[in-house]
Each structure stands twice: as structure tokens, then as C-alpha cells.
Amino acid sequence: MPELAEVEFYRKQWDAGLRAKILSVELHARKRVFRGGKTRELRQHLTGSRFTESSARGKQMLFRFSGGNWLGLHLGMSGTLRVEPAEFRPEKHDHLLLRQVRRALVFRDPRLFGRVRFHHGKATPPWWSMAPEISSADFNANYVAEFLRRHSRAPIKAVLLLQHGFPGVGNWMADEILWRAKVAPAKRTGALTSTQVRALRRATRFVSSEAMRIIGRDFSDPPRSWLIHERWKAGGICPRHKTPLTRGTIGGRTTAWCTKCQPE
DNA sequence: GGAGATGTTTCAAG
DNA sequence: GCTTGAAACATCTC
């Protein structure tokens, strides 16, 4: 599920627990979400620490705790973060639970494609580094052009999904961006005109900022005019033309587009 | 029962 | 060494 704005929404859920102590940590240590992770260290260090700060970059989240403790979370395909009452009993898919006096912070992930990481140290973890965020000044025309050039033989849909170039963009956002920029998803990146590249960057920034504003705030629905509402529907139509959408697999992912808006 | 799902990593080939 | 594409990962839903 979660892309840029959904991740932002979930991150903020845990902010209810800011400044409060972690009384205890409960986790399903053998689950895949902890792969390669130091669950014992995580439990020992977080217990008794205070939750001080949270941030997100693309789909990655970082939660900071007193004493130089950092928790990294990725939601994968089906992860969510939420807050439950203090006496909450975790269920089957609630793989990590941080207990505070007044609440429990819960990470759930049925499909286990998400990931939990832990780092103990003064500075931010070594794995916390990322490409320029879409909303930043560094995500400029030169940066985008250079990234596209490096992937000139790949279909543009696949390139939009690369997190080290377009952090936070996932399957629905990529389709939304391509539809707005009127670019066919299978188009080889190197074959794009400069007008199309400009349109893509513009659409990327627009979809990101609007999604953050609407979905990121309270999980509201984007306007009816967005492609997202038609993408998976049987008989989904282009919001512009009311013509049926085309479906196919591009870059290994199901893709929906309008052949009238986005001709080859 | 089978296919597919809003993601990333790994591996092999070019 | 870099890019690309397919498979693998685990579970649920239609």
C-alpha cells in the first residue's frame, strides 16, 4: 500500500507518543521484517528510552529515541503504523509493539515485505541516506535529466519506481504521473523529448505535493479527476476521455494508462 | 485452487 | 562496473 503520502500519514500516527518513555518492547523476532536485524539490541536499548523525534524520506521512516537509539521502518506492501490503548494485546500480524504508559505504538505487516532496523550510536544510522526529495530544491531539471540519462534504455515507468531517483514514488503514483504528463509508460527513457521530460518533472512534483497535502494529512481521497480512482476498477476509464484504460505489465508491475492521452 | 496485490532485494545476463 | 529484467520473498483476497 504505502507510498510517499501514505508513509507520511502513518509516520504521524506514532507522533502521539513523542516525549514519552518506552516501558517495554514486544516483537516477533523470527519474522522476516527483522531480517538481518538485531532484535535483542533493539529491545534492550529501546526499553526505558524516550521517543524524541520522527522523520521520513521517501518511503523510509526514522524514529529517534534518547540515548542514541534509532529505529528505521519500511512499510513494504502491507505495513501500517497505528496507536492502540495501553492494555492492547498484539495480534498475529502486529510484529512490533512499543508500550508507553498511556498507549501502545504498533507496527503491523501481514505480508512481511516491510522492514525494521535498529541502530545504536550518536549520529544517524549509516543506512539513513537518500536521494534528493521530490519537494526539495535539489530535485531540479539537471538532476532529473541526469538520472533519466543513466537509465535511458529502460521504460520510463520502471525508472519512476527507482527509489534512488524518485524517492517515495510507487506504483499508483507512477501511473498518475505518466498520465498527467501524457507519456506512455513503456516509452524508453532515452526517447523522451525535452518537453516530455519537463512535463514529467512537473507532474512528479504536483502529484507528490498534492498527495502529501490530501492523503498525508488525514488519508482523504484525492479529487475525482485523479487516475488513482480508476486504476484497479474493472472497467476503469480515463478521467479526461471516459475511454477504457489499458492494462499491462511494465517494469514488472501492473500498469494502467490511457492510449488516447498517452500514445506510444 | 490460482492469480495478483500501492515493494525491495538478489541474481544473472547484456 | 553499470544497467536491466525476472524471480523470490509471505500472506491475504477475489
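Computed from a predicted model, the values in this text were never measured in an experiment. To find a chain, count down the sequence lines: A is the first, B the second, and so on, and within it residues start at 1.
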A.B. asks: For the atom pair CD1 (A/I134) and CD1 (A/I177), what is the distance rounded to the nearest 0.5 Å?
C.D. replies: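 Between A/I134 CD1 and A/I177 CD1, I get 6.0 Å after rounding to 0.5 Å.
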A.B. asks: So, does A/Q163 get its side chain near the phosphate of B/dT8, meaning an N or O under 4.0 Å from OP1 or OP2?
C.D. replies: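 Affirmative; the distance criterion is met.
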A.B. asks: To the nearest angstrom, how far is A/R153 atom CZ from C/dG5 atom C1'?
C.D. replies: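 Between C1' of C/dG5 and CZ of A/R153: 11 Å.
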A.B. asks: Is the distance from OP1 or OP2 of B/dT8 to the nearest side-chain N or O of A/H74 less than 4.0 Å?
C.D. replies: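 Looking at the OP1 and OP2 atoms of B/dT8, one of them is under 4.0 Å from a side-chain N or O of A/H74.
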A.B. asks: Please give, in whole Å, the distance from B/dT6 P to A/W226 CH2?
C.D. replies: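 Roughly 17 Å, once rounded to whole Å.
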A.B. asks: Counting only side-chain nitrogens and oxygens, does A/K31 get under 4.0 Å of the OP1 or OP2 atom of C/dA10?
C.D. replies: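 For A/K31, the contact criterion (side-chain N or O under 4.0 Å from OP1 or OP2 of C/dA10) is not met.
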A.B. asks: Quick one: label A/R149 by what it contacts on the DNA or RNA (base, sugar-phosphate, nothing), any heavy atom closer than 4.0 Å.
C.D. replies: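 Since no nucleic acid heavy atom lies under 4.0 Å of A/R149, the category is nothing.
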A.B. asks: OP1, OP2 of C/dG5 versus side-chain N and O of A/K157: anything below 4.0 Å?
C.D. replies: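 For A/K157, the contact criterion (side-chain N or O under 4.0 Å from OP1 or OP2 of C/dG5) is not met.
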A.B. asks: Taking 4.0 Å as the cut-off, does a side-chain nitrogen or oxygen of A/H151 come that near to OP1 or OP2 on C/dC2?
C.D. replies: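 False: A/H151 side-chain N/O out of range (4.0 Å or more) of C/dC2 OP1/OP2.
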A.B. asks: Measuring to OP1 and OP2 of C/dT3, would you say a side-chain N or O of A/R150 lies under 4.0 angstrom away?
C.D. replies: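 The answer is yes; a side-chain N or O of A/R150 sits under 4.0 Å from OP1 or OP2.
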A.B. asks: Answer yes when A/R82 and A/E84 have at least one side-chain N-carboxylate O distance shorter than 4.0 Å, and no when they do not.
C.D. replies: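 Yes.
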A.B. asks: Quick test of your reading of the model: are A/K59 and A/E6 salt-bridged, counting only N-O distances below 4.0 Å?
C.D. replies: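 Answer for the salt bridge query: no.
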A.B. asks: Could you grab the distance from atom CZ of A/F107 to atom CG of A/D94, nearest 0.5 Å is fine?
C.D. replies: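 Atom-to-atom, A/F107:CZ and A/D94:CG are 10.0 Å apart.
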